[in-house]
Amino acid sequence: MARILTGIQSTGTPHLGNILGAILPAIENAKAKENDSFLFIADLHSLTQIKNPEELRANTYSVAAAWLAFGLDTDKTVFYRQSDVPQCAELAWYLNCFFPYQRLKLAHSFKDKSNRLEDVNAGLFIYPMLMAADILLYDANLVPVGKDQLQHLEMARDVAARVNHKFENVFIVPEPLVRKDSMLIPGTDGEKMSKSKHNTIDIFQDQNSLKKIINKNIITDNIPLEEPKDPNGSTIFKLYQQIASKDQANEMAEQLKKGGYGWGHAKKELLNILNEQFDAPREKFNYFMNNKKELDTILESGAQKAKAVASETLNRVRNAIGY
Ligand code: ATP
Ligand code: MG
């Protein structure tokens, strides 16, 4: 049995790209009987960038509500808020003291972020050690990562090996599970959908707002209605294809190629299928957003389970170090 641990950024309400590319596949994987999964909202990491308490709290709630809206099974997955487990910050400190400063300076992501962001604080610099603590605290065997996070996982393995070398078998050394990132959901401008590019489709908005996003924001060419169109050059079709059945997608492709079928038609079909697929999760999302106490209860119960594991690991570490 492998323990899989996944952290989710809490930088805003998840959009269609996050849902199709990350949330749904992770929920599917968590169903596998042979695995034991830990999933946490990385709100300590968020503090490197978010200094507004309301925003920090609101982001955690909307991320939690989104995962639950898509049916995350919290009996099977330990689902918790990173900040509810203070053991994580404690372990991060110990790890900081076992990792060479010079190696931390080699992190690509810090270089990239320090060029881009205004608030370049020390937390941003030691981020890889907090990430290592997230993983090592729970004896995780496997960590799904994108290519951009691979170096951070190497650092987690490295610091675990350093501590193990000094004190013997304190940590389980985690393995990366490199995501293929095969699914790339385009945004309204045809580029990869990302919060930071402001090209997102937010399916948790009400039907009217969603209609506006689809009708106004998705860019199309101006080939006249009667003429044939290339489905694969179209963002509308690419999005439709990811959500509709194969038959439905083939039908739209045929209509576009035949001509006499305009982008307006295609947008209407896209909107219909979005509503069809996402009305129910949206309702659940809204329910949780209106019942935050329930979200707190769910997250606290996850934190209790997480803390039980965390305390054991931390005892091992404290004993080894000499506390
Ligand atoms: P940012 O603009 O801050 O990078 P984002 O919108 O790209 O934000 P992330 O927090 O980077 O979102 O990604 C969260 C998860 O969603 C990751 O697993 C990522 O691979 C996935 N994801 C994000 N955008 C897409 C997309 N357009 N298509 C498929 N998966 C995506
Ligand atoms: Mg991104």
Side-chain angles (χ1 to χ4, degrees), residues 4-30 37-50 55-56 58-67 69-70 72 77 79 82 108-120 124 127 130-131 134-135 142-153 176-205 213-214 217-219 234-243 270 274 277-278 281:
I4 303 184
L5 178 132
T6 310
I8 20 182
Q9 281 196 58
S10 54
T11 39
T13 304
H15 53 70
L16 186 63
N18 301 143
I19 291 162
L20 298 178
I23 298 183
L24 292 176
I27 288 178
E28 214 34 58
N29 284 342
S37 56
F38 277 58
L39 187 77
F40 68 96
I41 301 174
D43 63 341
L44 293 178
H45 289 285
S46 307
L47 186 62
T48 61
Q49 292 312 305
I50 301 174
E55 193 185 342
L56 198 63
N59 283 349
T60 298
Y61 284 131
S62 62
V63 169
W67 282 80
F70 284 102
L72 178 74
T77 299
F79 183 47
Q82 187 186 24
H108 308 304
S109 137
F110 178 73
K111 285 183 200 157
D112 169 50
K113 285 184 181 155
S114 55
N115 288 332
R116 246 177 338 111
L117 300 173
E118 262 170 50
D119 181 7
V120 183
L124 205 58
Y127 179 112
L130 184 60
M131 180 171 152
D134 291 331
I135 300 165
L142 291 172
V143 183
V145 283
K147 284 204 189 82
D148 54 331
Q149 288 287 320
L150 207 51
Q151 191 191 30
H152 287 164
L153 194 76
L177 196 70
V178 183
R179 259 184 266 125
K180 281 181 235 88
D181 275 337
S182 50
M183 193 186 271
L184 209 156
I185 309 299
T188 50
D189 58 355
E191 300 284 303
K192 180 186 173 193
M193 189 182 293
S194 311
K195 257 162 298 189
S196 47
K197 287 192 200 134
H198 305 288
N199 62 356
T200 58
I201 294 177
D202 298 306
I203 59 102
F204 292 126
Q205 291 190 340
I213 298 178
I214 302 294
N217 298 7
I218 298 186
I219 299 167
S234 144
T235 304
I236 305 170
F237 179 72
K238 283 183 194 154
L239 288 168
Y240 187 74
Q241 198 179 24
Q242 293 287 353
I243 304 159
L270 175 62
L274 283 172
Q277 299 271 324
F278 296 120

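In listed order, ligands and their atoms are each counted from 1.
- For ligand 1, the atoms closer than 4.0 angstrom to any heavy atom of L184 are 28 (N).
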*For the pair S37 and N29, evaluate side chain to side chain contact (heavy atoms under 4.5 Å, CB included) and give the outcome as yes or no after the intermediate values.*
CA-CA 9 Å; S37 56; N29 284 342; over 6 Å; no

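- Near Q9, the atoms of ligand 1 lying under 4.0 angstrom from a non-hydrogen atom of the residue are 10 (O).
- For the pair D134/F38, no side-chain contact is recorded, criterion being any heavy-atom separation below 4.5 Å from C-beta on.
- Near S196, with a cut-off below 4.0 Å to any heavy atom, the atoms of ligand 1 are 1 (P), 2 (O).
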_As a quick check of understanding, evaluate side chain to side chain contact (heavy atoms under 4.5 Å, CB included) for V120 and K113, giving each step before the final call._
CA-CA 8 Å; V120 183; K113 285 184 181 155; over 6 Å; no

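- The option from T200, I185, N199 that lies nearest to atom 28 (N) of ligand 1, judged by heavy atoms, is I185.
- The CG atom of L239 sits 6.0 Å away from the CG atom of L270 when rounded to the nearest 0.5 Å.
- Under the salt bridge (Lys or Arg N to Asp or Glu O under 4.0 Å) criterion, D202 pairs with no residue at all, not counting sequence neighbours.
- Of the listed options K192, Q149, K197, K192 places a heavy atom closest to atom 25 (C) of ligand 1.
- Ligand-side atoms of ligand 1 in range of G21: 29 (C), 30 (N), range being under 4.0 angstrom from any heavy atom.
- Summarising the contacts of atom 12 (O) of ligand 1 with N18, I201, V145, the nearest heavy atom is found in N18.
- Residue-level proximity to ligand 1 for M193 is carried by backbone and side chain together, each with a heavy atom below 4.0 angstrom.
- Atom CD1 of I219 is separated from atom CD1 of I236 by 11.0 Å, given to the nearest 0.5 angstrom.
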